[in-house]
2 protein chains.
Amino acid sequence: MRIGQLSEYTGTPRRLLRYYEEQGLIISSRAANGYREYDERYVDRVLQIRGLLDAGLPTRVIKQILPCLSKPRTIHISDATPETIATLERERDRINERIQCLARSRDALTDYLDALRGAQGPDDPQADPVSAFSSGVVSSLTPEPA
Amino acid sequence: MRIGQLSEYTGTPRRLLRYYEEQGLIISSRAANGYREYDERYVDRVLQIRGLLDAGLPTRVIKQILPCLSKPRTIHISDATPETIATLERERDRINERIQCLARSRDALTDYLDALRGAQGPDDPQADPVSAFSSGVVSSLTPEPA
DNA sequence: TTAAACCGTCACATAAATGTGAATGTCAAG
DNA sequence: CTTGACATTCACATTTATGTGACGGTTTAA
């Protein structure tokens, strides 16, 4: 498929697909006229890239770990220096830290929402019996929620 | 404490602490001379902010969810419009998506590393008995791992 | 009193991801 | 052949999170 198709399937502006290529995240073959030509597998690939970018990984890091994320593994093995391995391990650890951080926030957010629902918005009959009661104390550590 | 202390404790440049304040993520009281004055709780707060930023959340979103992440909950409850709740739920869902995406990548990365270790780098006596064997097939979907 | 180590604001610079448009080439359909 | 949709490259603009420095005030200690 060409860039327009891939753009449509992945909801990614053409500009960005070219940018990802420029950053070495994807590779395109060219038709005789110079048009980029993509494999169907690029749809998932691009969605994965976008997910990782959205999760805060820079293209530089994504470029490093992408080759390890292909479905049919048992490829790309054998070209691994100790430094490569160390780098990948470091990135994996960093990803783990991100996950932990996000999970903590998600859990706190969930608790907060549960408390809110328990306190005043029980329009949803699934509300948990969380004994939440409000006070007027304001921490002043943070601004008001929007 | 003043900004220098907070900067030292959190490993965050002064410049960024002022920036976070400018973005409404933190609030400082001012001493008579105009110096910013911080509570000790700001250390954890700033670390949390940095973690979320590093995980890809923009300051705009962090500002929204931060008030819900305070330890002593049961504060800030009662000022929640339905739109606020909907926004928070949406952000929670987005955070969840990020977590899923990162977890997938981490797992794939872990598998890859396990396979690598099984294939050639068993310097570590803890290596798992993963029956990994390499082939020369290259996907061409992605560049070589660095 | 002077120097060093803080603090303040202001402002310019940068890298990454992205938006947007110009100028042009290609191709399929009328 | 022309038009419209799609492609190309080039290039400038923008936003966000930062770095960095100028210039000046304050506090502390020699």
Side-chain angles (χ1 to χ4, degrees), chain A residues 1-39 42 45-66 91 94 97-98 101-102 105 146, chain B residues 1-39 42 45-66 91 94 97-98 101-102 143 146:
Chain A
M1 77 183 75
R2 282 176 301 184
I3 201 171
Q5 283 275 303
L6 186 59
S7 168
E8 190 182 343
Y9 289 168
T10 62
T12 306
R14 276 163 269 256
R15 169 72 176 85
L16 286 188
L17 294 175
R18 299 195 184 100
Y19 174 68
Y20 297 154
E21 178 171 330
E22 185 186 319
Q23 298 304 305
L25 299 186
I26 54 181
I27 295 174
S28 62
S29 50
R30 297 301 182 106
N33 50 14
Y35 287 11
R36 288 173 176 81
E37 196 58 43
Y38 300 97
D39 189 288
Y42 273 88
R45 174 76 30 170
V46 169
L47 291 176
Q48 187 164 34
I49 290 171
R50 303 222 85 200
L52 292 173
L53 275 174
D54 188 55
L57 299 200
T59 53
R60 190 187 74 256
V61 169
I62 295 175
K63 179 179 178 176
Q64 286 187 319
I65 68 175
L66 255 190
E91 287 307 334
R94 280 178 55 84
E97 283 167 24
R98 287 167 200 259
C101 181
L102 287 172
S105 294
Chain B
M1 76 183 77
R2 283 177 302 184
I3 201 171
Q5 284 276 303
L6 186 59
S7 167
E8 190 182 343
Y9 289 169
T10 62
T12 306
R14 276 165 268 256
R15 169 74 174 83
L16 286 187
L17 294 175
R18 299 196 184 101
Y19 173 69
Y20 297 154
E21 177 171 330
E22 185 185 319
Q23 298 302 308
L25 299 186
I26 54 180
I27 295 174
S28 62
S29 50
R30 297 300 182 105
N33 50 14
Y35 288 11
R36 289 173 175 81
E37 197 57 44
Y38 301 97
D39 188 289
Y42 273 87
R45 173 77 28 169
V46 169
L47 290 176
Q48 187 164 35
I49 290 172
R50 303 223 86 198
L52 292 173
L53 276 174
D54 189 54
L57 299 200
T59 54
R60 189 187 74 256
V61 169
I62 296 175
K63 179 178 177 177
Q64 286 186 320
I65 68 176
L66 256 189
E91 287 307 334
R94 279 177 56 83
E97 283 168 24
R98 286 168 201 258
C101 181
L102 287 172

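Sequence lines set the chain letters: A, B, ... in the order given, protein chains first and strands last, and positions in each chain run from 1. Computed from a predicted structure; not experimentally measured.
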**OP:** Test B:Lys63 against B:Glu22 for salt bridge (charged side-chain N to carboxylate O under 4.0 Å, His left out), laying out the working first.
**Re:** CA-CA 11 Å; B:Lys63 179 178 177 177; B:Glu22 185 185 319; over 6 Å; no
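- What separates NZ of B:Lys63 from P of D:dA17 is a distance of 12 Å, to the nearest Å.
- Although no hydrogens or angles enter the test, the distance criterion places a donor-acceptor pair under 3.5 Å between the side chain of B:Thr12 and the main chain of B:Thr10.
- For D:dA17, neither phosphate oxygen OP1 nor OP2 lies less than 4.0 angstrom from any side-chain nitrogen or oxygen of B:Tyr20.
- For A:Arg15 and C:dT20, a side-chain-to-base donor-acceptor distance below 3.5 Å is present, hydrogens and geometry of angles not being considered.
- The phosphate of C:dA17 (OP1 or OP2) has a side-chain N or O of A:Tyr19 nearer than 4.0 angstrom.
- The separation between B:Leu16 atom CG and C:dA15 atom P is 17 Å, rounded to whole Å.
- Here A:Arg18 reaches the OP1 or OP2 of D:dT8: one of its side-chain N or O atoms lies under 4.0 Å away.
- In this structure, B:Ile62 atom CD1 and D:dT16 atom P are separated by 13 Å, rounded to whole Å.
- One interatomic measurement links the two molecules: CG of B:Leu6 to C1' of C:dC6, which rounds to 15 Å at whole-angstrom precision.
- Residue A:Tyr35 is the one, among A:Tyr35 and B:Arg50, whose nearest nucleotide of DNA chain D lies closer to the 5' end (criterion: closest heavy atom).
- Rounding to whole angstrom units, CD of residue A:Glu22 and P of C:dA15 are separated by 14 Å.
- A straight line from CG of B:Leu17 to P of D:dA17 spans 15 Å, rounded to a whole angstrom.
- Contact between B:Leu53 and B:Thr59 at its shortest, heavy atoms only, is CD2-CG2, 3.8 Å.
- The side chain of A:Arg2 contributes no N or O atom lying less than 4.0 Å from OP1 or OP2 of D:dC6.
- Residue A:Asn33 places at least one side-chain N or O under 4.0 Å from the OP1 or OP2 atom of C:dC27.
- No salt bridge links B:Arg45 with B:Asp39; every basic N to acidic carboxylate O contact stays at or beyond 4.0 Å.
- Listed pair B:Arg30 / C:dT9 meets the phosphate criterion, a side-chain N or O lying under 4.0 Å from OP1 or OP2.
- Using a 4.0 Å cut-off between charged side-chain N and carboxylate O, B:Arg30 and B:Glu21 make a salt bridge.
- Of the two residues near DNA chain C, A:Gln23 and A:Ala32, the one whose nearest nucleotide lies more 5' is A:Gln23.
- Phosphate proximity of D:dA7 to A:Arg36: absent, as no side-chain N or O sits under 4.0 Å from OP1 or OP2.
- Distance, B:Met1 CE to D:dT27 P: 19 Å, rounded to whole Å.
- In this structure, CD1 of B:Ile3 is placed 16 Å from C1' of D:dG25, rounded to the nearest angstrom.
- A sub-4.0 Å separation between OP1 or OP2 of D:dA17 and a side-chain N or O of B:Thr59 is present.
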